[in-house]
Participant: 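Below you will find the structure I want to go over with you.
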Amino acid sequence: MHEDIASLPPAAQALMERFSRREATVGVVGLGYVGLPLAVALAQAGYRVIGVDNSQEKAESLRRGESYIDDVPSEEVARLVRTGQLQIGTDYADLSEADGVSICVPTPLRKTGDPDLSFIVSAASSLRPALHREMVIILESTTYPGTTREMVLPELESANLVVGEDIFLAFSPERVDPGRTDWTTVNTPKIIGGITPACSRVAAALYAQAMEKVVPVSSAEVAEMTKLLENTFRAVNIGLVNEMALMCDRLGIDVWEVIEAAATKPFGFMKFTPGPGLGGHCIPIDPLYLSWKLKSVKYNARFIELASEINTNMPRYVVQRVQDALNARGKPVKGSRLLVLGVAYKPGVADTRESPALDIIGLLREKGAQVDYFDPFVPAVQHEGWDLRSVPDPLQTARESDCVVIVTDHKGLDYPALAETAPLIFDARDAMRRAGVISERVVRL
Ligand code: SAJ
């Protein structure tokens with residue numbers, strides 16, 4: 001045993017030994033797009049895994065060997081459940097057998113725009129009866145710096161366990177990008193930050209058996225902030241390029257050509273593209289956890305606030321541009337028939353959370369347009385009082401429409417055929433040019 005391990009508390013040494021021999025039981029709380037792939041990866045590494053979710057329906061689906069996460073094949077779930085390597089339930093008490101537990105529950109925003117930590121608090125308090133000596137708890141849910149120490153640590157200490165001696169606690173940000181196959185739970189480097197150095201070591205030992213690269217950092221706060229930097233970086237740069245689109249429009253310059261030209265710079269530049277707004281459950285939300293936290297220490301995170309303001313205004317800007325394009329053809333929005341292409345928040349996914357398409361449809365309806373949509377991944381969508389189904393034949397509907405609005409550019413849509421049938425296309429994604437279509441019927445963001 002390395003001498004430095006010998007300097008760790010006995011409970012840490014015992015756990016690290018069990019993890020290195022993969023003779024350990026690991027729990028995963030929250031079996032969503034983060035927790036289920038994690039549970040499967042841990043089981044594939046040889047751990048016995050206990051998955052706990054508060055949804056009876058999800059638990060029963062998994063016990064039947066049916067996966068509801070596209071990135072996790074049902075056959076693999078069925079195999080792991082059948083061999084007993086993956087046990088699925090809804091009872092936190094099952095986790096009293098676990099040597100480690102990863103918490104992968106949602107961290108949404110409340111209607112007020114404040115962080116909603118209720119899922120983390122509920123998971124931590126539900127876990128309390130199962131806590132025991134020689135155990136490591138790892139929070140994965142994206143949250144503001146300090147959450148692990150302020151919201152989870154007290155639950156562990158209230159069980160009369162000394163964190164860093166008897167029990168260990170760390171934060172490890174999830175980096176799951178649904179639908180991506182090149183970077184997965186196993187090969188994406190995993191940041192680990194413990195409440196104490198021993199906590200970092202124990203948590204790293206657990207994940208090191210299942211993931212290709214584990215990156216320990218000095219504290220839970222560093223790990224929490226790392227994730228927020230990653231996603232704030234995206235939100236701010238998307239906000240910048242969206243503002244570039246607004247500026248180029250004012251100057252009569254083609255922003256897409258400007259970006260393509262800037263992207264020829266082989267260093268010191270990273271390409272982002274303007275769009276109809278910021279969707280998904282990560283990028284629009286994670287930075288607001290950080291700006292909310294900073295307000296509590298009387299600091300105004302101006303880049304985050306400004307990016308959020310620009311990004312959330314993009315749907316309104318798109319509607320204004322559509323209105324201008326129709327007006328230029330002597331058509332009011334009111335009474336026009338419009339087809340929105342793509343309501344998912346990004347190509348290749350079915351997720352409509354925070355999707356700008358929902359705002360665009362709502363705004364166009366408010367202006368009196370008759371709005372349909374087509375999205376091969378999203379058969380129906382309800383939002384703020386309206387309820388639509390994806391049209392069966394987008395080209396036919398395009399032919400009957402006054403304008404088609406490309407909001408999300410899924411692959412596989414026949415953009416050249418669309419240019420032949422739609423009288424007018426507002427393209428918020430530069431999809432037509434990328435499909436090789438040059439047409440005076442196309443107006444770009
Ligand atoms: N978007 C733009 N312009 C861009 C890039 C994105 O308008 O240049 C829009 C997208 O259309 C979408 C939103 O921003 O509506 C977010 O897009 P995203 O590419 O960031 O995709 P997400 O939300 O799925 O982000 C996830 C994140 N993964 C995790 O949080 C673990 C993010 O950290 C990843 O970098 C991102 O996937 C990715 O790279 O795909």
Side-chain angles (χ1 to χ4, degrees), residues 32-35 37-38 69-71 104 106-108 140-143 171-191 211 223-246 255-256 258-260 262-263 269-290 307-308 310-315 317-318 340-360 375 377-378 406-411 427-431 434 444-445:
Y33 81 92
V34 174
L38 176 63
I69 299 290
D70 293 344
D71 296 344
C104 307
T107 45
E140 293 227 350
S141 310
T142 303
T143 183
F171 182 82
S172 181
E174 60 90 358
R175 284 175 160 176
V176 176
D177 183 18
R180 188 183 274 274
T181 52
D182 52 352
W183 294 105
T184 65
T185 296
V186 171
N187 70 0
T188 302
K190 199 81 166 80
I191 303 293
M211 292 158 189
E224 289 160 335
M225 194 64 163
T226 298
K227 171 68 178 182
L228 291 176
L229 170 57
E230 289 166 14
N231 284 2
T232 299
F233 167 80
R234 287 187 74 74
V236 169
N237 278 285
I238 293 164
L240 168 65
V241 81
N242 279 333
E243 187 167 51
M244 284 300 286
L246 303 184
V255 67
W256 301 97
V258 168
I259 292 167
E260 286 306 311
F269 181 77
M270 183 173 179
K271 178 182 174 183
F272 286 85
T273 50
L278 206 47
H281 49 284
C282 302
I283 309 305
I285 290 169
D286 298 348
L288 299 182
Y289 264 68
L290 181 55
S308 180
I310 291 172
N311 290 329
T312 47
N313 185 60
M314 290 309 283
Y317 174 69
V318 164
V340 167
L341 278 191
V343 294
Y345 80 85
K346 72 175 183 180
V349 303
D351 194 341
T352 59
R353 280 177 289 186
E354 305 292 323
S355 174
L358 306 183
D359 299 315
I360 289 168
D375 188 313
F377 291 84
V378 185
I406 300 175
V407 176
T408 295
D409 48 327
H410 289 302
K411 286 191 176 59
D427 186 356
R429 294 289 190 178
D430 193 32
R434 284 185 288 112
R444 282 194 293 187
L445 182 72

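Residue numbers run from 1 in the order of the sequence given. In each ligand, atom 1 is the first atom listed, and ligand 1 is the first ligand listed.
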Participant: Judged by non-hydrogen atoms, does Glu354 sit under 4.0 Å from ligand 1?
Facilitator: no
Participant: Near Val176, which atoms of ligand 1 are under 4.0 Å from a heavy atom of that residue?
Facilitator: 28 (N), 29 (C), 31 (C)
Participant: Go through ligand 1 atom by atom and flag the ones less than 4.0 Å from a non-hydrogen atom of Cys282.
Facilitator: 30 (O)
Participant: Of all the atoms in ligand 1, which lie at a distance below 4.0 Å from a heavy atom belonging to Arg175?
Facilitator: 31 (C)
Participant: Can you tell me if Arg180 contacts ligand 1 (heavy atom of the residue under 4.0 Å from the ligand)?
Facilitator: yes
Participant: Any idea how His410 and Phe377 line up, ring-wise: parallel (<30°), tilted (30 to 60°), or perpendicular (>60°)?
Facilitator: tilted
Participant: May I ask whether Arg353 places a heavy atom under 4.0 Å from ligand 1?
Facilitator: no
Participant: Here's a test for you: under side-chain hydrogen bond (donor to acceptor under 3.5 Å, both in side chains), which of Lys190, Arg175, Lys227 qualifies with Glu140?
Facilitator: Lys190
Participant: Measure Asn231 to ligand 1 on non-hydrogen atoms and call it side chain, backbone, both or neither using the 4.0 Å cut-off.
Facilitator: side chain
Participant: Which atoms from ligand 1 have a heavy atom of Ile283 less than 4.0 Å away?
Facilitator: 16 (C), 20 (O), 23 (O), 25 (O), 32 (C)
Participant: Considering heavy atoms of the protein only, find what lies nearest to atom 16 (C) of ligand 1 and give residue, atom and distance to 0.1 Å.
Facilitator: Gly279 O, 3.6 Å
Participant: Counting heavy atoms only, which of Thr273, Asp177, Asn311, Asp286 comes nearest to atom 4 (C) of ligand 1?
Facilitator: Thr273
Participant: Run down the list Ile238, Asp409, Thr408, Val407 and name the one with the heavy atom closest to atom 5 (C) of ligand 1.
Facilitator: Ile238
Participant: Need the ligand 1 atom indices (1-based, order shown) with element for anything under 4.0 Å from a heavy-atom of Glu174.
Facilitator: 31 (C)
Participant: Heavy-atom contact under 4.0 Å between Arg234 and ligand 1?
Facilitator: yes
